[in-house]
Each structure stands twice: as structure tokens, then as C-alpha cells.
Amino acid sequence: MASKAAAALSCALLVVAAAGYYTPPSPGACGLKVGYYHDRCPKAEAIVKRVVGDAVRRNPGVGAGLIRMLFHDCFVEGCDASVLLDPTPANPQPEKLGAPNNPSLRGFEVIDAAKAALERACPGVVSCADIVAFAARDASSSLGGGRGVDFDMPAGRLDGRVSVASRTLDFLPPPTFNLSELVGSFAAKGLGVEDMVVLSGAHTVGRSHCSSFVPDRLAAPSDISPSLAASLRGQCPASPSSGNDPTVVQDAVTPDTLDNQYYKNVLARRVLFTSDAALLTSPATARMVSDNANIPGWWEDRFKKAMVKMASVEVKTGRNQGEVRRNCRAVN
């Protein structure tokens with residue numbers, strides 16, 4: 001009993017010592033396991049996969065949004081679907097209204113559709129947090145186009161009851177971060193330097209608002225490729241504002257395919273963010289970029305493992321820690 005309590009506590013804690021960062025235990029130690037719903041909702045994962053697959057076929061950008069949603073959920077309060085909660089009179093500023101999420105985070109309607117289908121099949125069984133994790137996995141598979149980005153996602157997470165917009169600024173690394181800031185941000189969640197480099201590869205899909213990179217990469221000296229800079233200046237206003245902030249693709253070569261093109265873009269200085277370019281500022285991370293760019297299957301294999309590891313950050317598995325929401329947008 002004591003060991004189970006210790007494991008549950010360690011899965012919920014962030015930093016265990018002022019001098020160092022907490023390393024998350026394995027998914028199994030957190031009470032997560034592959035096939036968690038096999039008995040109580042046998043079709044759970046198939047239902048999510050169908051809903052996500054349909055959505056990504058209609059709009060590949062939604063798939064990129066679902067992958068990003070898992071990251072933005074797990075880095076704030078842990079992987080507990082806190083990012084899904086809507087504002088209420090009691091909590092007018094939840095995470096989804098935080099600057100890193102609003103208005104750029106997308107895919108909420110896909111989670112709603114999956115939850116509705118699951119509630120029809122097995123009411124009150126599948127947590128919203130697990131739906132977010134399954135959806136990110138299934139979006140990765142759909143966007144991977146059969147290129148080896150298929151993996152099992154352990155489940156058993158409960159949904160959190162706390163969601164605060166200001167916390168997004170505390171934990172989500174902005175696109176202006178340098179390498180040491182990125183490493184620290186991921187280390188605070190028990191994720192290593194290679195995890196950070198590998199998960200950055202998700203920038204091979206999706207779009208970005210001009211405001212995320214114009215001030216740092218176009219309005220100031222940077223190492224960005226002159227031809228990319230010229231292209232971006234043709235798509236973005238010189239001073240983006242809330243009323244004039246268009247989006248551009250993050251990877252102009254294969255914008256709708258989850259592949260290792262991102263790392264080739266990093267090497268060619270054809271990336272949008274300061275945080276992307278930062279991966280070349282140390283010999284160790286530059287070597288990781290080169291390996292991911294040039295060794296077939298290298299990045300895909302590491303991405304699958306890093307996604308599972310990230311999806312285990314600070315999970316809630318004890319009934320005193322969380323719940324299974326009936327509606328992903330509101331606590332029970």
C-alpha cells in the first residue's frame with residue numbers, strides 16, 4: 001500500500017528538490033497501462049481513432065493542433081485535460097484563455113465529438129485526459145502517412161479540476177526561448193534534452209501566427225535563411241496585431257506530413273522560431289538535429305517514445321486527485 005501511495009504522489013509532483021528536477025516514473029508506475037479500457041469500454045480507442053481520422057482527413061491542420069494540445073495540456077497541471085475547461089463565473093480565466101493557447105490552440109471540437117461518442121458507448125468510463133492522449137497519438141499516425149509514427153498509448157489518467165490561465169505562462173516555453181531556457185523548461189517536467197529536441201520535430205506540421213516570430217526573426221538580425229525571410233515578409237505584416245495576424249505553414253516542404261523534414265529545415269536555417277534555430281547552438285543538440293535529419297527512421301522511433309513519456313507527466317490516477325468528466329469542458 002505504501003509503495004502505491006508513493007507512486008501516486010511521485011506522479012503528481014513536479015519538483016522534488018530545489019537542487020534538481022523531478023524525473024517522471026514510467027507510465028506503469030503512474031498507474032497507466034496499454035489496453036486500460038479493454039474490459040470496461042473495449043471500443044474506446046477505436047472510437048477515438050475513427051473520430052480523429054475523419055477530422056484529420058477533412059483538415060490536416062487539426063491533427064497538428066491535437067498533437068500540440070497534448071503538449072499544452074501536460075506542461076500545465078500535468079496530463080489531466082485541464083486545457084479543455086471552459087470559463088465559468090467561478091473560474092473566468094482557465095488555461096484555454098491563456099496567451100499561449102488563445103486563439104491558436106485548436107481541435108477542441110474533435111475532443112468533444114470523441115467524448116460524445118464514448119459517452120454513448122460507455123457512459124462515465126473514459127476520461128477526457130485519456131482522450132487527449134489518444135487523439136495526439138492518432139493524429140500522429142494519420143499525419144505520418146504510414147511512415148512509422150504508430151505507437152501504443154498507455155491510459156488510466158483522471159481529469160483535473162484546476163485550470164488557471166496564468167499557469168500557461170509559467171510552464172509553456174515561448175518561441176523566443178534560447179537553448180538553455182528550453183532545456184530548463186523541459187527538465188522541469190522531467191524531460192531530457194533529447195526529448196526536447198525530438199518533440200520539437202512536431203513543428204514539421206501545423207501553422208503559426210506571424211506574431212510568434214516576426215519581432216525576433218524578421219524585425220531583428222537573425223540567422224534565418226534570406227529566401228525564407230523574404231517569403232515570410234510577403235505573408236506577414238511588419239507589426240502583427242490582434243486584428244491582423246495571419247498564419248503561415250511551419251514547414252513549407254511537407255506542411256501536412258509528420259516526418260523528419262523539420263530537422264532538414266533547421267540545418268538549412270529555414271525555421272520560424274528562435275527556439276527552433278536554438279537547436280544548433282550547442283554541439284550536442286546540433287548532432288541530434290543532424291541524426292534526426294539524416295538517419296532513416298531515427299526521429300520517428302524517438303518521437304513515439306517521447307510522446308508516451310510526455311503523456312505521463314504529473315498524471316492523476318487516484319480518485320482524490322481527479323475524476324472522469326461527463327463533459328470535457330466542465331468539471332462534474
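Since the structure is predicted, the reported quantities are computational estimates derived from the model, not experimental observations.
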Which heavy atom in [X] sits nearest to a heavy atom in [Y], and how many Å separate them?
X	Y	answer
A64	V205	CB-CG2, 3.7 Å
A268	S225	O-CB, 4.0 Å
V331	R161	CG1-CA, 3.9 Å
G160	R325	O-NH2, 2.8 Å
I224	L232	CD1-CD1, 3.9 Å
S82	S163	O-OG, 2.8 Å

Report yes if some heavy atom in the side chain of [X] is under 4.5 Å from a heavy atom in the side chain of [Y]; otherwise report no.
X	Y	result
F151	R137	yes
L32	T317	yes
N101	E95	yes
D276	H203	yes
E314	D80	no
I111	L66	yes
D159	L84	no
L85	K96	no

May I ask you to decide if [Y]'s main-chain N or O and [X]'s side chain share a donor-acceptor pair within less than 3.5 Å?
X	Y	result
N332	R326	yes
S140	V149	no
S142	D138	yes
S200	M196	yes
R157	P154	yes
R302	V198	no
D130	G156	yes
T281	A278	yes
S222	L218	no
T274	T176	no

In Å and rounded to the nearest 0.5 Å, what is the [atom1] to [atom2] distance from [X] to [Y]?
X	Y	atom1	atom2	value
D251	D259	CG	CG	6.5 Å
I131	D112	CD1	CG	9.0 Å
R217	R269	CZ	CZ	9.0 Å
L97	S166	CG	OG	12.0 Å

Q: Please name the residue in the list L105, V76, L172 that meets the side chain to side chain contact (heavy atoms under 4.5 Å, CB included) test with P100.
A: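 Result for side chain to side chain contact (heavy atoms under 4.5 Å, CB included) with P100: L172.
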Q) Looking at T285, L280, N292, which one forms a side chain to side chain contact (heavy atoms under 4.5 Å, CB included) with V266? A)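 Result: among T285, L280, N292, L280 is the only option passing the side chain to side chain contact (heavy atoms under 4.5 Å, CB included) with V266.
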Under a 4.0 Å threshold between the charged nitrogen and the carboxylate oxygen, would [Y] count as salt-bridged to [X]?
X	Y	result
D73	R68	no
K304	E300	no
K316	E323	no

Q. In terms of ring plane angle, is the pair F186 and F71 parallel, tilted or perpendicular, where the classes change at 30° and 60°?
A.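 Geometry flag for F71 against F186: parallel rings.
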Q) Would you call the rings of F273 and F213 parallel, tilted or perpendicular if under 30° counts as parallel and over 60° as perpendicular? A)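 Plane angle between 30° and 60°, so tilted.
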Output a table of donor-acceptor pairs, distance under 3.5 Å, between side-chain atoms of residues 52-61 and any protein atom two or more places apart or on a different chain; print 'none' if there are none.
residue, atom, partner, partner atom, Å
D54, OD1, R57, NH2, 2.5
N59, OD1, G61, N, 3.0

